[in-house]
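Here's the structure, in structure tokens; my notes come after.
Since we're looking at a predicted model, the values are computed, not measured. Sequence positions, counted from 1, serve as the residue numbers for this chain.
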Amino acid sequence: MTARVCIHPDEAVAGIEDGSTVLVGGFGMAGMPVALIDALIRQGARDLTVVSNNAGNGDTGLAALLAEGRVRKVICSFPRQADSWVFDGLYRAGRIELEVVPQGTLAERLRAAGAGIGAFFCPTGAGTLLAEGKEVREINGRTHVLEYPISGDVALISAHRADRMGNLVYRKTARNFGPVMATAATTVVAQVRRIVGTGAIDPETVVTPSIFVDRVVEVADHA
């Protein structure tokens, strides 16, 4: 499978529908696909469910999407930081829904979606508000909570380089959620700092194979 090489981020996010579940890579701003999020704002899709590690930082990237009123619900691990004022304001005003998922559980729920796992038991969150309403089971003397996969209609991720087939490599901590999100979404869009010729990336260094990637766009200033 070969990804479509897009000329502009607006082309890369075309067709994202209202009500979509959008997986957004990034750990804070590390690996945040800012150019794709900006394009999504211009594209106009609304009533979105966003799955990400954070609920936006400052006024750019995901925070800018929230500020536009395009997001109905956020599923994340860290909704609040020192610079999460956009989300804080929306949540306090009752204008956005929140589902908190512990970070490791979030990564595993995404991975489960990509691996075809129907559900799994995890001890994280047992005995807390996060386990309310969920099935629990005692396993090896510990209480475990049943967790279900999180899949997306679209994943927006950022990588360091791609070849023209769509094979991706990442740079250091910018790798974070990109690889698991790429396996968990129906359509995967990657912004990259540079697109190189097919064969220019050592196959041993490829993290996300092109079979998972639908569109790539070169965005030198953001990736």
Side-chain angles (χ1 to χ4, degrees), residues 4 6-101 103 106-107 109-110 113 149-159 174 176-178 180-192 213-217 219 221-223:
R4 189 174 94 213
C6 300
I7 303 301
H8 192 276
D10 289 357
E11 178 188 354
V13 302
I16 297 177
E17 299 180 351
D18 292 353
S20 293
T21 296
V22 183
L23 314 180
V24 179
F27 186 93
M29 294 304 292
M32 177 69 65
V34 175
L36 294 178
I37 295 171
D38 289 346
L40 183 58
I41 293 171
R42 293 190 294 270
Q43 189 258 12
R46 58 182 60 251
D47 196 33
L48 303 172
T49 295
V50 167
V51 182
S52 190
N53 185 65
N54 303 77
N57 301 87
D59 297 299
T60 61
L62 182 53
L65 182 65
L66 298 179
E68 289 288 325
R70 305 289 180 77
V71 179
R72 177 184 65 83
K73 179 179 180 180
V74 171
I75 302 174
C76 73
S77 299
F78 296 97
R80 299 196 65 202
Q81 301 89 45
D83 59 352
S84 61
W85 49 77
V86 173
F87 172 80
D88 291 354
L90 291 170
Y91 187 73
R92 291 176 188 277
R95 294 170 55 194
I96 197 166
E97 297 177 40
L98 170 66
E99 179 182 344
V100 175
V101 181
Q103 190 175 65
L106 180 64
R109 289 178 67 183
L110 291 163
I150 297 175
S151 58
D153 299 298
V154 182
L156 304 181
I157 62 176
S158 178
N176 51 67
F177 283 89
V180 289
M181 287 183 171
T183 68
T186 302
T187 300
V188 176
V189 186
Q191 69 171 62
V192 299
V213 182
D214 298 283
R215 307 172 192 172
V216 294
V217 60
V219 188
D221 293 338
H222 290 282

Decide side-chain contact (heavy atoms from CB on, under 4.5 Å) for Ser52 and Val22; before the verdict, give the C-alpha distance in whole Å, the side-chain angles of both, and the deciding distance to 0.1 Å.
CA-CA 9 Å; Ser52 190; Val22 183; over 6 Å; no
Roughly how far, to the nearest 0.5 Å, is the [atom2] atom of [Y] from the [atom1] atom of [X]?
| X | Y | atom1 | atom2 | result |
| --- | --- | --- | --- | --- |
| Leu98 | Lys73 | CG | NZ | 9.0 Å |
| Ser151 | Met181 | OG | CE | 12.0 Å |
| Met32 | Leu62 | CE | CG | 5.5 Å |
| Asp18 | Leu48 | CG | CG | 7.0 Å |

Distance-only, no hydrogens or angles: does the [X] side chain make a donor-acceptor pair with backbone N or O of [Y] under 3.5 Å?
| X | Y | value |
| --- | --- | --- |
| Gln191 | Leu36 | yes |
| Arg70 | Ile41 | yes |
| Gln43 | Ile16 | yes |
| Asn54 | Gly28 | yes |

Stepwise side-chain contact (heavy atoms from CB on, under 4.5 Å) test for Met29 and Thr60:
CA-CA 9 Å; Met29 294 304 292; Thr60 61; 3.8 Å; yes
Kindly check if the number of other-residue, nucleotide or ligand heavy atoms within 6.0 Å of CD (Glu99) is above 12?
yes
Please name all residues satisfying side-chain hydrogen bond (donor to acceptor under 3.5 Å, both in side chains) with [X], sequence neighbours left out, ordered by chain then number.
| X | result |
| --- | --- |
| Glu11 | none |
| Gln81 | Asn57 |
| Arg92 | none |
| Ser20 | none |

Of all the heavy-atom pairs spanning [X] and [Y], show the shortest one and how long it is.
| X | Y | answer |
| --- | --- | --- |
| Ala184 | Leu23 | CB-CD1, 3.9 Å |
| Ile150 | Leu110 | O-CD2, 3.6 Å |
| Asp10 | His8 | N-ND1, 3.0 Å |
| Ala14 | Arg215 | O-NH1, 2.9 Å |
| Ala12 | Val217 | CB-CG1, 4.1 Å |
| Ser158 | Gly31 | CB-O, 3.4 Å |

Qualifying salt bridge (Lys or Arg N to Asp or Glu O under 4.0 Å) pairs with a residue from residues 44-58, counting only residues at least two apart or across chains:
Asp47-Arg72
Can you confirm whether Val24 sits close enough to Ile37 that some side-chain heavy atom of one is under 4.5 Å from a side-chain heavy atom of the other?
yes
Taking the side chain as every heavy atom from C-beta outward, state whether Pro9 and Asp38 have any pair of such atoms under 4.5 Å apart.
no
Which residue pairs satisfy the ring pair (Phe, Tyr, Trp, His ring centres under 6.0 Å) criterion with at least one member in residues 62-90, sequence neighbours excluded?
Phe87-Tyr91
With side-chain contact (heavy atoms from CB on, under 4.5 Å) as the criterion, how do Arg42 and Val13 come out once you've worked through the C-alpha distance, each side chain's angles and the decisive distance to 0.1 Å?
CA-CA 10 Å; Arg42 293 190 294 270; Val13 302; over 6 Å; no
Would Leu66 and Val74 count as a side-chain contact (heavy atoms from CB on, under 4.5 Å) if you check the C-alpha gap in whole Å, the side-chain angles of each, and the deciding distance to 0.1 Å?
CA-CA 9 Å; Leu66 298 179; Val74 171; 4.0 Å; yes
